[in-house]
Each structure stands twice: as C-alpha cells, then as structure tokens.
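Here is the structure we will look at, set down as structure tokens.
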Amino acid sequence: MIRLVLLDIEGTTLPISFVRDVMFPYAAKALPALMEDHTNPQVVGARADIAISHPGEDPLKVCQDWMAKDEKAAPLKTLQGITWRQGFEDGTLRADLYKDVPPALKAWSKGGLRLAVYSSGSVPSQKLLYGYTEQGDLTPLFDGFFDLSTGGKKDAASYTKIATACALKPEEILFLSDIGAELDAAKKAGLQICQLVRPQDKTVPHEGAPQAADLNDVTQKFSLPA
Ligand SMILES: CSCCC(=O)C(=O)COP(=O)(O)O
Ligand SMILES: [Mg+2]
C-alpha cells in the first residue's frame with residue numbers, strides 16, 4: 001500500500017524549460033557577486049568544497065561550467081539556492097508548475113497520502129519553489145524535503161535513507177521522476193516507481209518503469225485519491 005509519494009522536481013512537477021530558461025539565467029547573473037561574499041558561511045563552505053574537488057581553479061568558472069552542463073553538483077546547488085531566495089521573495093521568480101500538479105498534490109494529501117520532495121535542488125530552494133508558485137504556497141502539503149545531502153539520486157542507498165527518515169517500508173513509497181537512472185536506483189532500494197514522460201520535456205521513456213503522462217495519470221494507474 002502506498003503511504004507516501006516522493007517527487008522529483010525538474011521534469012516531473014516543473015518544466016525543464018523553467019529551470020533552464022528562467023532559474024539558471026537568474027542564478028548565473030547573481031553568481032559573480034555572490035562568489036565574492038566571504039561572510040556567508042554557506043558560500044564559504046561551498047567555495048571550500050569546490051577548492052577540494054577542483055584545486056587551483058577559479059570557483060566561479062567551475063560553477064559556470066557546471067551550469068552549462070546541468071551538473072547536479074552540491075556546492076552549485078547550494079549557491080544557486082542562495083541567489084534564488086531574492087528572486088522568489090521579491091516576486092521576480094514564480095514557479096510555473098505543470099498545471100496538473102497542484103490539484104493532484106492537494107487531492108493526494110487530502111486523501112491521506114504523505115508527500116515528500118527529493119531533488120538535486122537544495123532543500124532551501126525546494127521550499128522557495130513550492131512556497132512561491134503561481135498557485136500559492138504549497139509547502140504545507142509536504143512533510144519531507146530531501147536533497148543531495150542525503151546522497152546522489154542515482155544511488156540506491158539514498159532511497160533507503162529516505163525510507164528510514166520517513167519511518168516507512170521502501171515498498172510503501174512511490175517515487176516519481178523523469179530520469180531512468182534515478183528510477184532504477186529507487187527500484188533497487190525497493191520503492192515503487194513511475195516515470196513521468198512529459199511531452200513538453202521530450203522525456204525519453206525508460207524501459208522497465210511504469211509510465212505516466214501527468215499526475216492525473218499517476219492517480220489512475222496507482223489508484224491514488226482523486
Ligand atoms: C529547487 S529545484 C531547482 C532546480 C534544480 O536546480 C535542479 O537541479 C532540479 O533537479 P531535479 O533533481 O529536481 O531533477
Ligand atoms: Mg528530474
């Protein structure tokens with residue numbers, strides 16, 4: 001029996017284009033000034049992590065390269081999250097979630113399902129994103145937020161950790177993502193899985209994973225509350 005739905009963000013609840021064409025350019029513009037901040041402990045920590053992984057390299061250049069390749073690197077995700085706070089709080093950024101997402105999340109939650117997020121985006125940025133959506137603040141719907149500090153999304157151990165943190169058996173969790181390797185890892189850990197194949201995102205269907213076109217389709221295929 002499914003007790004909790006664990007959701008990826010980019011390509012699952014939010015169009016990839018919003019991340020690539022709105023959020024990333026916003027962060028890219030703010031990053032050079034942020035990298036000069038020597039007082040914020042999170043910035044200092046992220047710079048130190050980059051110095052370990054890329055000794056002798058310019059940390060700003062490393063971040064710019066990561067962004068160009070959409071690398072899910074934890075220091076970059078921390079720094080991007082810091083830049084996005086200003087944008088979400090002053091109204092420049094508003095998460096334009098897929099239209100099927102808010103009603104389905106509300107119906108699932110109202111029907112007794114627990115909801116949690118697992119994204120490469122940092123937990124503070126997950127909370128900003130769901131806190132400032134075109135449909136209002138959706139953060140009260142979630143009782144868990146997980147990011148790369150739990151582990152990589154292609155690593156089965158991360159899903160085991162999430163199940164433990166949620167005090168559930170792995171098979172009581174349904175993980176939704178667009179990425180085949182993430183779904184394979186979750187399946188290996190014993191979670192139920194479903195791939196979101198969003199035409200707008202040109203998602204490549206992954207062999208061996210049940211598929212859904214949107215969250216309404218997930219509701220039907222897994223008999224979730226409607
Ligand atoms: C708060 S999500 C911001 C988008 C982002 O930076 C990202 O890397 C999303 O990756 P996901 O794991 O949700 O596909
Ligand atoms: Mg994704």
Side-chain angles (χ1 to χ4, degrees), residues 5-31 34 42 46 63-89 92-98 101 105 115-134 137-139 141-142 144-155 158-159 162 174-186 193-206 209 211-215 218:
V5 183
L6 180 66
L7 297 112
D8 166 60
I9 294 179
E10 183 183 7
T12 297
T13 63
L14 184 74
I16 292 174
S17 59
F18 185 83
V19 178
R20 187 191 54 213
D21 302 335
V22 180
M23 295 180 75
F24 274 27
Y26 185 97
K29 208 168 156 195
L31 215 50
L34 184 68
Q42 284 182 291
C63 285
Q64 288 166 336
D65 288 348
W66 277 338
M67 272 198 282
K69 294 185 211 146
D70 192 14
E71 287 265 352
K72 309 293 189 186
L76 172 66
K77 294 293 153 192
T78 299
L79 294 165
Q80 285 177 321
I82 296 169
T83 70
W84 290 329
R85 175 165 301 283
Q86 163 108 35
F88 279 110
E89 289 183 347
T92 310
L93 297 174
R94 277 283 170 279
D96 196 8
L97 298 168
Y98 276 113
V101 170
L105 296 183
L115 305 177
V117 180
Y118 185 26
S119 170
S120 309
S122 66
V123 166
S125 61
Q126 296 171 17
K127 290 181 178 171
L128 285 167
L129 190 122
Y130 280 113
Y132 296 92
T133 79
E134 295 288 357
D137 180 7
L138 302 182
T139 53
L141 296 174
F142 295 99
F145 294 87
F146 300 93
D147 63 15
L148 297 177
S149 61
T150 297
K153 294 179 75 186
K154 297 176 184 171
D155 184 353
S158 305
Y159 299 87
I162 291 173
L174 171 64
F175 177 54
L176 306 181
S177 174
D178 56 327
I179 304 294
E182 296 177 4
L183 293 161
D184 285 346
I193 55 165
C194 181
Q195 183 185 28
L196 268 293
V197 181
R198 300 274 193 183
Q200 187 178 322
D201 287 332
K202 299 189 175 64
T203 315
V204 180
H206 184 65
Q211 281 147 19
D214 58 27
L215 297 196
V218 175

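Remember, predicted model here, so these are calculated numbers, not experimental data. Indexing begins at 1, ligand by ligand and atom by atom, following the structure's order.
Checked by distance only, ligand 1 and Val19 stay at 3.5 Å or farther apart across all their nitrogen or oxygen atoms. By the 3.5 Å distance cut-off applied to N or O atoms, Ser125 is not counted among the residues near ligand 1. Residue Trp84 has no nitrogen or oxygen atom sitting less than 3.5 Å from a nitrogen or oxygen atom of ligand 1, judged on distance alone. Considering backbone and side-chain N/O of Asp70, none are found under 3.5 Å from N/O of ligand 1. Close N/O approach between Glu10 and ligand 1 is found [any backbone or side-chain N/O within under 3.5 Å].
The protein heavy atom nearest to atom 13 (O) of ligand 1 is Ser119 OG, 2.7 Å. The nearest heavy-atom contact from the protein to atom 5 (C) of ligand 1 is Lys77 NZ, 3.6 Å. If you check which protein heavy atom lies closest to atom 12 (O) of ligand 1, you get Lys153 NZ, 2.6 Å.
The name of the N, O or S atom in Glu10 nearest to the Mg ion (ligand 2) is O.
Two residues are said to be in side-chain contact when any heavy atoms from C-beta on lie closer than 4.5 Å; Phe18 and Arg94 fail this criterion. Contact check for Lys153 versus Ser120: side-chain heavy atoms found under the 4.5 Å cut-off. No side-chain heavy atom of Val19 sits less than 4.5 Å from a side-chain heavy atom of Ile9.
Ring orientation note: the planes of Phe146 and Tyr118 are nearly perpendicular, at an angle over 60° on the 30°/60° scale.
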message: The test is side-chain contact (heavy atoms from CB on, under 4.5 Å); show your working for Leu97 and Glu134 and say whether it passes.
response: CA-CA 8 Å; Leu97 298 168; Glu134 295 288 357; over 6 Å; no

task: Start with the C-alpha distance between Gln126 and Asp147, add both sets of side-chain angles, then the distance that settles side-chain contact (heavy atoms from CB on, under 4.5 Å), and finish with yes or no.
output: CA-CA 9 Å; Gln126 296 171 17; Asp147 63 15; 3.7 Å; yes

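In summary, the atoms of ligand 1 found under 4.0 Å from a heavy atom of Ile9, numbered by their order in the structure, are 1 (C), 2 (S), 13 (O). Near Lys72, meaning under 4.0 Å from any of its heavy atoms, are these atoms of ligand 1: 7 (C), 8 (O), 9 (C), 10 (O). Those atoms of ligand 1 with a heavy atom of Ser120 less than 4.0 angstrom away are 8 (O), 10 (O), 11 (P), 12 (O). Those atoms of ligand 1 that come under 4.0 Å of a heavy atom in Gln126, given as number and element, are 1 (C).
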Without placing hydrogens or testing angles, list every side-chain donor-acceptor pair under 3.5 Å for residues 194-201, not counting sequence neighbours.
unit_1, atom_1, unit_2, atom_2, d
Gln195, OE1, His206, N, 2.7
Gln195, OE1, Gln211, NE2, 3.3
Gln195, NE2, Asp178, O, 3.0
Gln195, NE2, Val204, O, 3.0
Arg198, NE, Thr12, O, 3.2
Arg198, NH1, Asp100, OD1, 2.9
Arg198, NH1, Asp100, OD2, 3.4
Arg198, NH2, Thr12, O, 2.7
Arg198, NH2, Asp100, OD2, 3.1
Asp201, OD1, Ile16, N, 3.0
Asp201, OD1, Tyr98, OH, 3.3
Asp201, OD2, Tyr98, OH, 2.9

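Between Glu182 and Lys72 there is no salt bridge, since no side-chain nitrogen of the basic residue lies less than 4.0 Å from a carboxylate oxygen of the acidic one.
Here the side chain of Thr133 pairs no donor or acceptor atom with the backbone of Tyr130 at under 3.5 angstrom.
Between the OD2 atom of Asp8 and the OD1 atom of Asp178, the angle centred on the Mg ion (ligand 2) amounts to 80° when rounded to 10°.
Judged as a side chain to side chain donor-acceptor pair (under 3.5 Å), and not counting sequence neighbours, Ser17 has no contacts.
Looking at Leu128, Asp178, Asp8 and measuring to atom 11 (P) of ligand 1, the nearest heavy atom belongs to Asp8.
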